[in-house]
Amino acid sequence: MREYQKMIEKRIEFLTGNGEGSLEIIEFYNKEMEDIIKEISNLNYEETKNNIVKIKVLYAKLLLLCKGYYIKGTKYYNDKFIVKFIEEKIEKFREYFYNLNSIEHTNWWQWEIGIPFTMNDIFMLMKGKIKDEIIVENLKTSRYFQPDPRYSGNNPVAIHPSGKPLRLSTGGNRVDTVKISLFRGILLEDDNEIKLALESLPEVWEYNEKDKGEGFYRDGSFIQHEAIPYAGGYGEVLLSGIGEILYVISESEYTSVVKKVDDLYEIILNSFEPFFYNGSFTDMLSGRGIDRANNSDSVIGHRILNDILVVSSIFENDKCKKLESIVLREIVKYRAEKYLEEEKSPFLYKKLIDLLEKNRGQEIEEYSNSIKVCNKMARVMKREEKYAFGIVMHSSTIGNYETMNGENLKGWYTGDGAYYLYDGVNDYKDYWRDVDYYYISGTTEIKMDMEGVDAQRNFESSFVEDKVAYGVSEGENGLVAMEFLNWNEKLKSRKSWVLIDSKIIFIETDIESEEKVYTTIFNRKYNNLPKILIDGQEIKEKYFNKKLSKIQIEELNLKFYLEESIYFEIEKKDGYFIKIWKEYDNDDKKIIWGLSYNSEIDFKKDVYINLEDNIHEIKTKEKIYKVNWNFRENGKEFCEILSLEK
């Protein structure tokens with residue numbers, strides 16, 4: 001009995017921070033609680049009962065009331081009115097929304113994971129305060145829809161795209177199903193359910209040793225939904241859930257049930273840490289979540305850093321210190337005071353304060369120049385102290401993008417050789433809300449109306465056949481290449497990137513299409529309009545098309561191999577979008593250009609480029625970077641980096 005109560009207390013501590021909160025947190029809860037009480041008091045149950053998304057939100061709002069009840073300083077701290085209100089409304093919700101007679105509709109996740117997940121936390125906080133029979137009856141419904149941690153679903157009338165009511169749960173979904181069963185088992189004091197849940201957990205952090213499929217790979221890839229890179233989406237859910245599970249059982253006899261916990265440490269260093277820059281976690285790993293409101297790279301980064309901090313406490317000595325140093329570095333680079341202002345969890349707020357106090361005066365770990373090549377998910381990340389750069393591709397095993405449940409409807413080009421650039425100027429805060437999706441940096445596309453078009457090439461439709469996207473690295477240098485075929489197979493090209501020091505060289509040749517084609521060179525958001533030089537002359541124009549060799553935007557240089565006819569546009573929205581692109585005529589369709597910081601790429605002195613005989617070959621003073629486009633026929637490596645010394 002005491003063992004179960006101890007775990008409930010750990011969960012209450014996680015959810016409420018033992019009632020200690022900052023002034024910002026107290027103000028947040030006061031406002032939210034007033035609004036929630038008013039909304040639910042006036043709720044029309046009949047009008048709401050068929051809207052499962054809103055129903056899930058209503059359960060989440062009840063949970064927020066429960067948390068506010070525990071936080072000292074809030075208007076409703078320790079107020080019996082809140083307990084009575086929750087007891088009354090949770091029963092109303094069971095009567096109208098979620099009961100043993102309910103039939104799944106719309107989105108299975110809300111029924112099988114979202115609502116059971118939230119109900120568990122409501123009852124963790126209200127255990128001993130509301131009637132036990134209310135908890136038991138509601139958890140019967142939870143078990144009806146989600147009975148087994150190894151699977152999603154059970155309800156035989158469930159509507160799911162697979163047509164199967166019982167489906168093996170993997171990745172983030174497996175962590176969710178484990179968490180549901182574990183917390184329900186604690187509430188019901190069911191030893192068997194607790195043990196089955198914990199025994200079902202470790203496989204989520206085992207490496208996938210196959211050529212394709214979901215899960216973590218040794219090269220740092222994480223894939224969900226068969227073919228979509230998702231460390232910033234399902235990967236974050238997975239890591240968050242693992243942290244919460246391990247924290248709840250950390251002082252109980254059940255810790256021995258979970259095996260191979262040390263392997264999780266390597267996963268964090270391999271599949272999460274390389275993709276941070278200044279507190280942000282790159283959007284190129286967020287799947288369809290990139291266009292969600294309040295889901296920017298900094299928000300995702302905040303969540304993952306919190307997850308790493310929670311998980312770090314289960315490791316000892318050097319491993320714990322290493323994970324804490326990663327969190328500390330990113331918080332400081334993001335700005336610690338800003339990070340704390342944005343933190344709404346009293347528990348995590350205290351842990352962050354403790355981390356900062358413990359390391360006051362110590363030097364922060366800096367970024368080392370590195371390149372992370374993740375071929376299993378067709379992503380490459382280059383990171384230096386002054387900037388980070390990511391490349392997004394698709395292939396015969398990785399999808400170009402995902403749209404589902406009305407999300408990411410305009411992600412058509414986001415996997416077509418797009419690049420992400422981080423330098424601390426503004427990065428991608430509210431970027432996807434306002435960006436022109438027809439102009440995604442680094443992509444070459446056909447000019448056409450895409451509104452309402454489903455351009456997915458993934459497991460939902462069909463992959464591009466026999467197309468390779470691959471990269472290699474040697475120390476601080478890298479070479480990446482992609483055989484590009486667009487979504488409707490009316491455009492193809494050969495794309496390669498050479499990553500050298502603070503420079504990236506872009507090469508795209510053999511652009512073939514009967515349609516009008518354009519390449520987006522740059523599409524970036526700035527909070528304030530930067531100083532812009534065109535071939536050394538400052539410009540004030542908002543739009544032009546002219547021949548030029550070089551564009552300088554503050555410290556950033558865009559240098560073209562040959563003089564190019566370039567379109568340039570500044571569009572004011574919430575900030576300034578600077579858009580640069582090239583439109584092709586019927587002549588030879590290729591483009592070569594470079595991106596660098598502070599220093600300029602000299603194509604005449606520093607780089608020699610050879611594009612003959614089905615190769616992309618770039619020579620510098622130290623190395624040869626070579627892409628063999630006929631690698632299938634001649635048996636040579638697709639990408640290789642050779643040292644001139646050898």
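Residue numbers run from 1 in the order of the sequence given.
Judged by distance alone, the side chain of K338 and the main-chain N or O of I331 form no donor-acceptor pair under 3.5 Å.
A cation-pi contact, defined as under 6.0 Å to the ring centre and within 45° of the axis, links K319 to Y265.
For K410, the NZ atom sits in a loose shell: 12 or fewer heavy atoms of surrounding residues, nucleotides or ligands are nearer than 6.0 Å.
Judged by distance alone, the side chains of S142 and R184 do bring a donor and an acceptor atom under 3.5 Å apart. Side chains of N408 and Y401: no donor on one and acceptor on the other come within 3.5 Å. A donor and an acceptor atom, one from each side chain of T282 and Y422, are located under 3.5 Å apart. Side-chain contact of E236 with Y230: a donor-acceptor pair under 3.5 Å is absent, judged by distance alone. Counted by atom type alone, Y234 and H225 present one or more donor-acceptor pairs between their side chains at under 3.5 Å. For the residue pair E244 and S240, a side-chain donor N or O sits within less than 3.5 Å of a side-chain acceptor on the partner. Using modelled atom types and a 3.5 Å distance limit, the side chains of T170 and E214 yield a donor-acceptor pair. When only modelled atom types and interatomic distance are considered, K372 and N270 share a side-chain donor-acceptor pair under 3.5 Å. Side-chain atoms of E343 and N306 form a donor-acceptor pair, as typed in the model, at a separation below 3.5 Å. Defined by atom type and a distance below 3.5 Å, a donor-acceptor pair is missing between the side-chain atoms of S152 and S169. Judged by distance alone, the side chains of Y439 and N523 never bring a donor and an acceptor atom under 3.5 Å apart. Q456 and T403 are not linked by any side-chain donor-acceptor pair at a separation below 3.5 angstrom, with hydrogens and angles left out of the test. No donor-acceptor contact under 3.5 angstrom links the side chains of S280 and N278, judged on distance only. Defined by atom type and a distance below 3.5 Å, a donor-acceptor pair is present between the side-chain atoms of E266 and Y207.
For the side-chain contact (heavy atoms from CB on, under 4.5 Å) with I113, the lone residue among V237, T118, I180 that qualifies is I180. Looking at K321, R329, K333 one by one, the single match for salt bridge (Lys or Arg N to Asp or Glu O under 4.0 Å) with E365 turns out to be R329. Results of the side-chain contact (heavy atoms from CB on, under 4.5 Å) test with P229 over R379, Q224, M284 single out R379 as the only residue that passes.
Under the 4.0 Å criterion applied to side-chain N and carboxylate O atoms, R218 and E209 are assigned as salt-bridge partners. Salt bridge status for K259 with E199: absent, with no side-chain N to carboxylate O gap under 4.0 Å. At a threshold of 4.0 Å, the pair K382-E384 counts as salt-bridged, since one of the basic side-chain nitrogens sits closer than that to a carboxylate oxygen.
Ring-plane geometry between Y428 and W432 is classed as parallel, the angle between the planes falling under 30 degrees on a 0 to 90 degree scale with a further cut at 60. In this pair, F272 and F281 present their aromatic rings tilted. The plane angle is within the 30 to 60° band. Relative orientation of the Y277 and Y367 rings is parallel, given thresholds of 30° and 60° on the angle between their planes.
Between Y217 and F222, the distance separating the two ring centers is not shorter than 6.0 angstrom. When ring centroids are compared, F389 and W497 stay outside the 6.0 Å threshold.
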